[in-house]
There are 2 protein chains.
Amino acid sequence: MTNTEPKTEPTTEPRTTPVAGGRPTKQRLAVANVLSTFGDFRSAQEIHSLLTDSGEKVGLATVYRTLQLLADSGEVDVLRTEDGEAAYRRCSDSHHHHLVCRSCGATVEVEGPTVERWTKAIAAEHGYRDISHTLEIFGTCAACS
Amino acid sequence: MTNTEPKTEPTTEPRTTPVAGGRPTKQRLAVANVLSTFGDFRSAQEIHSLLTDSGEKVGLATVYRTLQLLADSGEVDVLRTEDGEAAYRRCSDSHHHHLVCRSCGATVEVEGPTVERWTKAIAAEHGYRDISHTLEIFGTCAACS
DNA sequence: ACTCGATTTGACAACCATTCTCATCTTGCT
DNA sequence: AGCAAGATGAGAATGGTTGTCAAATCGAGT
């Protein structure tokens with residue numbers, strides 16, 4: 001079961017609502033907004049560049065802080081690339097995983113009752129509680145082959 | 001299907017065979033050997049400490065280099081902790097995943113045809129090739145609950 | 001055993017993503 | 001407007017990891 005191409009297309013209307021329960025400041029809104037201009041994973045630094053390039057003046061530290069807020073509140077997904085950097089992307093609400101293209105970064109959100117069930121079962125079987133898991137699938141997408 | 005507690009117990013006899021195709025130097029053997037004194041994931045720095053504490057004089061850079069060699073040749077597993085650090089552990093040959101205890105680090109190797117099959121299917125379904133994936137399950141083990 | 005070239009090592013500098021500091025600016029509220 | 005809590009930004013500080021390069025080591029051939 002996969003959600004057929006929920007490609008998470010960019011949304012258009014800029015947001016004006018509070019961000020992660022904090023104050024809806026210019027900067028936070030700016031960050032929240034760039035996040036909706038792309039559908040794949042970007043590093044904090046890239047996001048910062050996007051902002052400054054588009055004229056928004058937001059400090060790097062603030063970008064990191066905001067991204068963390070958003071991540072904590074579940075508004076964005078975080079994944080660690082193979083070299084340990086964190087990459088962010090706004091995400092839909094449900095729990096899911098990602099199929100990421102190694103060369104272009106194109107991402108497809110995938111969902112799998114199968115895995116969820118499996119991890120829970122495995123964990124329980126070994127007496128582990130409070131289960132959480134991370135699963136990323138890497139490959140080369142059709143366009144990049 | 002899980003391999004029932006393949007806890008990867010420490011092995012006893014020190015190794016003297018080549019390491020990852022390179023020269024079997026004192027340092028490399030030393031690293032390869034500490035790796036077999038524990039069964040859970042340790043950071044490169046921890047491994048370095050273990051070495052120096054036990055009297056072995058191996059440079060930190062060398063530990064990193066060796067660990068990378070071993071990882072490339074598939075002799076050790078690498079996983080990224082949630083804060084982006086790399087953790088290493090010698091591994092059995094087969095492809096598998098880990099169930100890691102959040103508080104004590106106890107690790108259980110798990111294996112799952114289910115997931116393997118699932119990821120392959122998903123990927124193919126979206127036209128991705130050369131699939132690889134990472135899956136880590138985190139939880140609190142029985143002893144730590 | 002001895003030599004020589006290729007590898008490897010180690011001490012330390014360099015990197016780089018991320019976090020911290022803290023003085024200054026904003027926001028929300030009255 | 002006025003204030004206190006919260007947020008920002010510039011830059012310093014951290015900390016894991018990688019790069020540098022001269023000196024040490026390995027091992028194949030003699």
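Each chain gets a letter, A, B and so on, in the order the sequences are listed, and its residues count up from 1. Keep in mind that the numbers below use all heavy atoms, side chains included, and drop hydrogens, waters and symmetry copies.
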Inset, instruction - To the nearest Å, give me how far apart CD (Glu85(B)) and P (dT19(C)) are. - result: 12 Å
Legend entry - Ion pair check, Glu75(A) and Arg89(A), cut-off under 4.0 Å: no
Inset, instruction - Rounded to the nearest angstrom, tell me the gap between atom NE2 in His48(B) and atom C1' in dG10(C). - result: 10 Å
Inset, instruction - Measure from CG on Leu60(A) to C1' on dT18(C) and round the result to the nearest Å. - result: 8 Å
Legend entry - Nearest-Å distance for atom pair NZ/C1', residues Lys26(A) and dT26(C): 8 Å
Legend entry - Pi-cation contact, Phe38(B) with Arg42(B) (under 6.0 Å, within 45°): yes
Legend entry - Spacing between Tyr88(A) atom OH and dA17(C) atom P, to the nearest angstrom: 12 Å
Legend entry - Nucleotide dA7(D), atom P - distance to CZ of Arg28(A) in whole Å: 4 Å
Legend entry - Validation row: Leu79(A), Phe41(A) side chains within 4.5 angstrom (heavy atoms): yes
Legend entry - Polar pair under 3.5 Å, donor/acceptor by atom type, side chain Arg65(B), base dG10(C): yes
Inset, instruction - Check the distance between dC16(C)'s P and Tyr64(B)'s OH and give it to me in whole angstrom. - result: 16 Å
Inset, instruction - Establish, from distance only, whether the side-chain atoms of His97(A) and His133(B) form a donor-acceptor pair under 3.5 Å. - result: no
Inset, instruction - Identify whether any heavy atom of Gln68(A) sits under 4.0 Å from a base atom; if not, whether one sits that close to sugar-phosphate; answer base, sugar-phosphate or nothing. - result: sugar-phosphate
Legend entry - Residue whose closest nucleotide on DNA chain D lies nearer the 5' end, Gly84(B) versus Ala61(A): Ala61(A)
Inset, instruction - Please state how far atom CD in Glu56(B) lies from atom P in dG10(C), giving the value in whole angstrom units. - result: 10 Å
